[in-house]
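The model shown is predicted, which means the values in this text are computed figures rather than measured ones. When a ligand or atom number is given, it counts from 1 through the structure's own listing order. Computation of the quantities below employed the complete heavy-atom set of this structure, encompassing side-chain atoms and omitting hydrogens, waters and symmetry-equivalent molecules.
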Amino acid sequence: MHSELRPQDWWRSAVVYQVYPRSFQDSDGDGVGDLPGITSRLDYLAELGIGVLWLSPVYRSPMDDNGYDISDYRDVDPLFGNLADLDTLLAEAHARGIRLVMDLVVNHTSDEHPWFVESRDPRSPKRDWYWWRPAREGADPGAPGAEPTNWESAFSGPAWEYDERSGEYYLHVFSRKQPDLNWENPEVRQAVYDMMRWWVGRGVDGFRMDVINLISKPSGLADGVVPPGRSLAPAFGSVANGPRLHEFLREMNREVGLDRAGLLSVGEMPGSTLALARDVTDPARGELSMVFTFEHVNLDQQPGGDKWALADLPLPVLKGNLATWQRGLAETGWNSLYWDNHDQPRAVSRFGDDSPEHRVASAKTLGTVLHLHKGTPYVYQGEELGMTNMPFTDISQYRDIEALHHYRDAVARGVRPEVVMAALAAKGRDNARTPMQWDATADAGFTTGEPWLPVNPNKDEVNAEAAVADPDSVFHHYRRLAALRRDLPVVVDGGFELLLPADEQVWAFTRTLGDERLLVLANCSSRSASVNPDDVPDLHGAEPLLTTHGDRDGLDLLAWESRVYRWTGAG
Ligand code: TEU
């Protein structure tokens, strides 16, 4: 065991693997992935060497946002199976030494959740469980622009929905089928904690908490600043990181026993700062194990918060951002490390080079860089195969509510359809949601039916069967990275130092723990690069631990070549 690792902090040395159930493995031929399908692939995950499986939502849901709109927190949607299937998955995962983390979506429910159905009645005791507000002062309820504030939902259009019955509006930061819960009401909080305890009792090992930094809203709901050329202000800017966030997180931790039971808790926090993340993950405060920052995945957009306004991302900016977080959480707190997830484009297409020539090397090198930072790495399904973005050509191919609404609204505002399509191709969430590519058969081994979203045409080259059979594949590289984390305390606890911060091609850093040191040299470009010997430690006495291009030495790096060197005190 590592000296600095407390047993309850087991998640510091684990790799987490995210499964998006809809797209992982179908077992019954309906074209949608399900729980028995996931269970049938556990041996594959065990071979990869992951320690934790994070399951995106499988709860009962009308599926307006693919399960992030929950109508029953204590049941499994029939599309994915039933509670017995979930218990089987949990037992089979545990039997292989894999822990299970559930997605927890409690900033909002579905509008079909019984709590909200009751809340629609103005006299119901649950009225105050959601954010009901009258029309803006002096405005006609229901008339255009009469919404209580000028907020825009994350999925386009006003963040307020008018309800004829009471003449009032309810708040939905996401779709109108995702009304925001009112965490100011103590009954709401107790209902959530009770549900969480129920899942802990069932044996789950932690929670990934959806937009958890939105649960505390500012006390007065006020208009936000409207960006140029727009008519509404992003709701996010006005409702994130409210005054009672820490209080609610501490209360949740205490009431559910997150720390007591040694559970992993990771809070998704768009718009959080480093200072906030440090407080939230300070073990002494008893809030969360770690948070997902959005800073590094927002660097390739223009300033202003519009994810569709694309911008170039120079390497020094990207590595500088990760280094800032490494330094900021070096003494207190803990980082999570991720390149992609079900909301982000594919890592190799975005940060690497997905051309046939460089796909494999760039996917490996991105893995090396990420996994050897300090923090808990997250692998999104298919990332370990170097799966790429999907070549969508027409808006009719998209299924994601965010993409469809954005297209409709942007085109109506006068943005040229080609421009909208280019932004969707780069950033659309469906890129990550195409079926997992298991083999080269017709639907990539994902389903025997019609897949809910088409399989990427590159499944003949990019698939798990081929990758597992090839010792030089991205899969085996990721397997080696997970093994390094298990075997070497320096990967878990070593101090981080960024070298060559201004180099446009090479990402270089060291990790140091006592006498033990690692050096990562990674060419993050599709051209060869070279490193000045004065800028990096002398490689004499270093043992190459993991490389992308075999045993090459010297300081010239081929396109997307990376090497990890190790010094031990003895050497
Ligand atoms: O995402 C919240 C979030 O801030 C984004 O990543 C979101 O996808 C946004 O549209 C990006 O442009 C979480 C979930 O991960 C996401 O799948 C859900 O749609 C959302 O919350 C609502 O539950």
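- Formation of a donor-acceptor pair under 3.5 Å by the Y338 side chain with backbone atoms of T293 is found in this model.
- With a 4.0 Å cut-off on non-hydrogen atoms, P270 touches ligand 1 through its side chain and not its backbone.
- Near H342, the atoms of ligand 1 lying under 4.0 angstrom from a non-hydrogen atom of the residue are 14 (C), 15 (O), 16 (C), 17 (O).
- Classification of the F351-W339 ring pair by plane angle, with boundaries at 30° and 60°, yields tilted.
- Close approach to R429 involves these atoms of ligand 1, each under 4.0 Å from a residue heavy atom: 7 (C), 8 (O), 10 (O), 16 (C), 17 (O), 18 (C), 19 (O).
- Atom numbering of ligand 1 starts at 1 in the shown order; those under 4.0 Å from a heavy atom of F155 are 10 (O), 19 (O).
- The closest heavy-atom contact to atom 4 (O) of ligand 1, among the options W308, F236, Y68, comes from F236.
- With respect to the salt-bridge test (charged N to carboxylate O, under 4.0 angstrom), the residues R244 and E184 qualify.
- For the ligand labelled ligand 1, residue Q344 lies outside the 4.0 Å heavy-atom shell.
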| message | Test salt bridge (charged side-chain N to carboxylate O under 4.0 Å, His left out) on E152 and R230; report intermediate values, then the result. | response | CA-CA 10 Å; E152 178 169 29; R230 306 297 296 268; 3.3 Å; yes
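- For F292 and W54, the gap between ring centers is short of 6.0 Å.
- Residue-level proximity to ligand 1 for K427 is absent, since no heavy atom of it falls below 4.0 angstrom.
- Side-chain contact of S265 with S289: a donor-acceptor pair under 3.5 Å is present, judged by distance alone.
- Of all protein heavy atoms, the one closest to atom 9 (C) of ligand 1 is E402 OE2, 3.6 Å.
- Counting only heavy atoms from C-beta outward, the side chains of N182 and W129 never approach each other to under 4.5 Å.
- By the 6.0 Å and 45° rule, R399 does not stack over the aromatic ring of W452.
- Remark: among candidates N298, D343, D210, the nearest residue to atom 6 (O) of ligand 1 is D343, based on non-hydrogen atoms.
- Close contacts of ligand 1 with F294, meaning ligand atoms under 4.0 Å from a residue heavy atom, involve 6 (O).
- The proximity of E268 to ligand 1, defined as any non-hydrogen pair under 4.0 Å, is limited to the side chain.
- Remark: among candidates I70, D65, N213, the nearest residue to atom 18 (C) of ligand 1 is D65, based on non-hydrogen atoms.
- Aromatic ring centroids of Y398 and F392 lie under 6.0 Å apart.
- Geometrically, R197 does not engage W199 in a cation-pi contact, judged by NZ or CZ lying under 6.0 Å from the ring centre and within 45° of the ring axis.
- The closest approach between any non-hydrogen atom of H406 and ligand 1 is not below 4.0 Å.
- The distance from ligand 1 to the heavy atoms of H108 drops below 4.0 Å at these ligand atoms: 22 (C), 23 (O).
- For atom 20 (C) of ligand 1, the closest non-hydrogen atom on the protein side is F174 CE2, 3.7 Å.
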